[in-house]
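Before any comments, here is the structure.
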Amino acid sequence: MFFKKKDPLEQVDTRSKADAIWIVISILFAFVLGGFIFIKSIEASIQYLTALVPLLLVMIFVGTYFYNRMADMRLFGAFSCLACIGIALQVMLDQQYQVPSSFSLIKYFAGMAIATVLLLIYLGIKRFMYRQYTAHFLILVSAAIYIALLFFGRDTNGYGTTAWIRIGPLSLQLTDFAKITAILFYSALFSVNRKFSNRTILILSSIFFMINLVGSIVIHELGSFYILYFLHLSMLYIFMERGKKKRIYLLTIAISTILAIVILFLLYKILAPMAQSGTLNGITSILWPIVRKVYLRFSITANINSDPYGAGYQLFQGKRALWMSGLFGNTVNFTAIPVPESDMAFVALVNTFGMPLGLLAVFLFLQIAISGSEMCRRLIQTKKQDAIVAYGATVLLYMQALLVILGSCNIIPLAGLPIPFLSRGGTYQTIVFFFVGVLLHLSKQDDEDNEEIQGGDDDEQAFTRIDIDE
């Protein structure tokens with residue numbers, strides 16, 4: 001009666017009480033940020049508080065749900081704080097900048113709802129990722145996305161990129177869905193029941209890689225391809241077995257990339273006089289916009305003062321904004337940042353709220369990278385498919401943020417992409433919320449997930465036993 005025998009199957013609550021503090025920190029941060037906005041703009045603070053009511057409800061519900069399932073609450077805190085910073089920035093931009101569209105609270109939370117549906121769909125089809133021909137199917141899906149953009153794509157922003165498809169009053173950026181397809185493709189490629197040989201992996205991944213390269217060139221959207229390029233190389237480097245073919249392939253891609261940049265610079269020197277004289281025709285007229293865009297991105301980064309009011313105007317203004325921002329921002333004397341709601345969102349954040357909040361955003365993205373990496377390392381031993389998905393989602397959040405922030409600060413060529421959480425855009429924010437849901441779900445450690453990890457897929461275990469016996 002006084003000494004109860006412990007059930008060996010009884011779950012021990014390993015949650016740390018300190019994990020719950022991240023929910024409280026997220027809520028307090030949201031209110032402190034609201035007070036900061038009130039000091040700067042009463043109108044913006046009213047709009048922020050309007051968005052804060054449903055956001056706090058979502059934070060409390062989601063935070064409690066994942067806390068009870070022993071998820072990574074540091075990751076939840078980073079996501080919540082970045083969401084608050086993103087909303088704060090967007091409402092301030094509407095008050096201080098001339099932006100083509102205004103922040104929509106309905107679109108923002110509709111994106112969360114759609115992302116939840118996408119997450120449920122992913123959880124429903126996750127077991128099909130083990131099938132042998134799933135990777136082949138996803139190659140066809142990727143090709144279909146770019147074919148649809150080739151024939152039906154629209155340039156909604158006037159930047160020369162036909163990455164959107166209009167469905168009634170809505171515009172969908174299909175290149176964002178190509179990123180989800182990429183994660184699912186590599187997950188299927190490396191976690192298939194009948195293990196692919198290194199040769200098959202290189203062939204299938206190269207086909208997928210070339211489809212994204214050619215498709216990105218055709219629709220003039222090389223920014224998204226930068227992320228897919230890094231994802232391709234890192235996936236092969238981390239998850240592919242060691243071997244001579246792997247080393248030769250990765251070395252060939254690296255050398256080919258350098259040669260491609262050199263060739264593009266040479267083509268620019270050849271085609272520039274023809275473009276000035278109006279003698280471009282045939283293939284040269286197709287190559288010229290691509291060559292010119294790449295050349296300007298690299299040359300302006302190397303020397304921003306070569307054309308400060310032309311091709312380098314965006315970066316030149318961003319540089320001025322960073323120098324003038326100070327500790328608490330400086331929008332009184334300078335609000336001339338081009339595209340502050342998207343490409344230059346980080347610069348606009350620093351210019352609006354000051355350098356400390358900008359550094360905090362960078363730290364939060366770094367926390368996502370650390371938590372995602374630890375999660376991947378934990379899952380790789382028991383559930384390789386989930387490890388690959390966790391790694392892919394982490395890369396597509398952290399690396400895109402890192403590349404765009406460094407590009408907007410003129411450290412590397414500007415990719416022309418939105419920043420997760422900070423930039424405006426319905427389709428992309430939906431994809432970001434989907435990645436958030438995936439990472440939080442994979443960080444859970446409840447009974448259901450433990451049983452899935454221990455049991456795994458029956459077919460996968462059968463093939464594993466066959467490999468061991470052989």
Side-chain angles (χ1 to χ4, degrees), residues 121-122 125-150 174-219 221-222 224-257 260 376 379-380 383-396 399 438 456-457 459-460 462-464 466-467 470:
I121 294 174
Y122 163 72
I125 67 172
K126 189 168 68 169
R127 287 187 178 272
F128 291 99
M129 295 295 104
Y130 288 110
R131 302 299 180 252
Q132 185 173 3
Y133 294 103
T134 302
H136 300 78
F137 172 75
L138 291 171
I139 289 176
L140 296 178
V141 171
S142 180
I145 289 175
Y146 290 106
I147 291 174
L149 290 174
L150 176 62
L174 290 189
T175 51
D176 289 332
F177 290 96
K179 299 172 184 176
I180 295 181
T181 305
I183 293 179
L184 297 180
F185 168 78
Y186 292 109
S187 173
L189 188 65
F190 289 106
S191 59
V192 69
N193 285 338
R194 292 187 179 274
K195 189 176 181 181
F196 288 131
S197 65
N198 282 358
R199 180 175 179 272
T200 303
I201 288 175
L202 291 178
I203 291 175
L204 293 178
S205 62
S206 297
I207 293 174
F208 185 82
F209 178 79
M210 291 305 299
I211 287 174
N212 283 279
L213 173 59
V214 175
S216 299
I217 292 175
V218 169
I219 66 173
E221 170 62 339
L222 292 177
S224 295
F225 179 73
Y226 295 157
I227 307 298
L228 296 177
Y229 172 86
F230 178 84
L231 185 67
H232 173 70
L233 295 183
S234 61
M235 283 286 187
L236 294 180
Y237 180 79
I238 295 173
F239 297 104
M240 186 176 174
E241 293 181 355
R242 295 180 180 180
K244 184 177 179 181
K245 291 181 180 179
K246 172 182 174 179
R247 292 194 298 269
I248 294 175
Y249 180 84
L250 294 177
L251 184 61
T252 301
I253 292 292
I255 295 174
S256 300
T257 301
C376 180
L379 292 172
I380 193 65
K383 203 69 173 175
K384 190 174 183 180
Q385 179 193 12
D386 287 346
I388 295 171
V389 172
Y391 174 78
T394 302
V395 166
L396 293 180
M399 284 306 301
V438 167
D457 188 87
D459 295 335
E460 183 184 27
F463 284 108
T464 302
I466 292 174
D467 292 339
E470 292 178 351

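No donor-acceptor pair closer than 3.5 Å links the side chain of Thr200 to the backbone N or O of Phe196. The main-chain N or O of Leu202 is found under 3.5 Å from a side-chain atom of Ser206 such that the two form a donor-acceptor pair. Within the 3.5 Å criterion, the main-chain N or O of Lys126 finds a donor-acceptor partner in the side chain of Gln385.
Using a 4.5 Å heavy-atom threshold, the side chains of Ile388 and Ile380 count as separate. Put simply, the side chain of Tyr122 reaches to within 4.5 Å of the side chain of Val389, judged on heavy atoms. Residues Leu140 and His136 fail the side-chain proximity criterion, which asks for heavy atoms closer than 4.5 Å. Side-chain contact between Leu189 and Thr134 is absent, with no heavy atoms from C-beta onward closer than 4.5 Å. Two residues are said to be in side-chain contact when any heavy atoms from C-beta on lie closer than 4.5 Å; Glu241 and Lys246 fail this criterion.
Between Thr394 and Ala390, the closest heavy-atom pair is OG1-O, 2.7 Å. Scanning both residues, Lys384 and Phe239, for their nearest heavy atoms gives NZ-O, 3.8 Å. Contact detail for Phe208 and Leu138: the closest heavy-atom pair is CE1-O, 4.1 Å. For the residue pair Ser224 and Lys179, the shortest heavy atom distance occurs at OG-CE, 3.9 Å. Heavy-atom minimum distance, Ser205 versus Tyr186: CB-CE2, 4.4 Å. The minimum heavy-atom distance linking Gly392 with Leu231 is given by the pair CA-CD1, 4.0 Å.
Within the model, atoms CG of Leu228 and CG of Leu233 stand 11.0 Å from one another, a figure rounded to the nearest 0.5 Å. To the nearest 0.5 angstrom, Ile145 atom CD1 is 6.5 Å from Leu174 atom CG. Atom CG of Leu250 is separated from atom CD1 of Ile255 by 11.0 Å, given to the nearest 0.5 angstrom. Rounding to the nearest 0.5 Å gives a distance of 8.0 Å between CZ of Phe190 and CZ of Phe185. Atom-to-atom distance recorded for Leu396:CG and Ile227:CD1 is 7.0 Å, nearest 0.5 angstrom.
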Practice problem: Apply side chain to side chain contact (heavy atoms under 4.5 Å, CB included) to the pair Ile201 and Leu236, showing each step before the final yes or no. | Solution: CA-CA 9 Å; Ile201 288 175; Leu236 294 180; 4.0 Å; yes
Practice problem: Kindly indicate, with the supporting measurements, whether the criterion side chain to side chain contact (heavy atoms under 4.5 Å, CB included) is fulfilled by Met210 and Leu213. | Solution: CA-CA 5 Å; Met210 291 305 299; Leu213 173 59; 4.0 Å; yes
Quiz prompt | Stepwise side chain to side chain contact (heavy atoms under 4.5 Å, CB included) check, Leu150 with Tyr146 | solution = CA-CA 6 Å; Leu150 176 62; Tyr146 290 106; over 6 Å; no
Self-check item: Working for side chain to side chain contact (heavy atoms under 4.5 Å, CB included), residues Tyr391 and Met235
Solution: CA-CA 9 Å; Tyr391 174 78; Met235 283 286 187; 3.7 Å; yes
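If you look at Phe225 and Phe209, their ring centroids are closer than 6.0 Å. Between His232 and Tyr229, the ring centre distance reaches or exceeds 6.0 Å.
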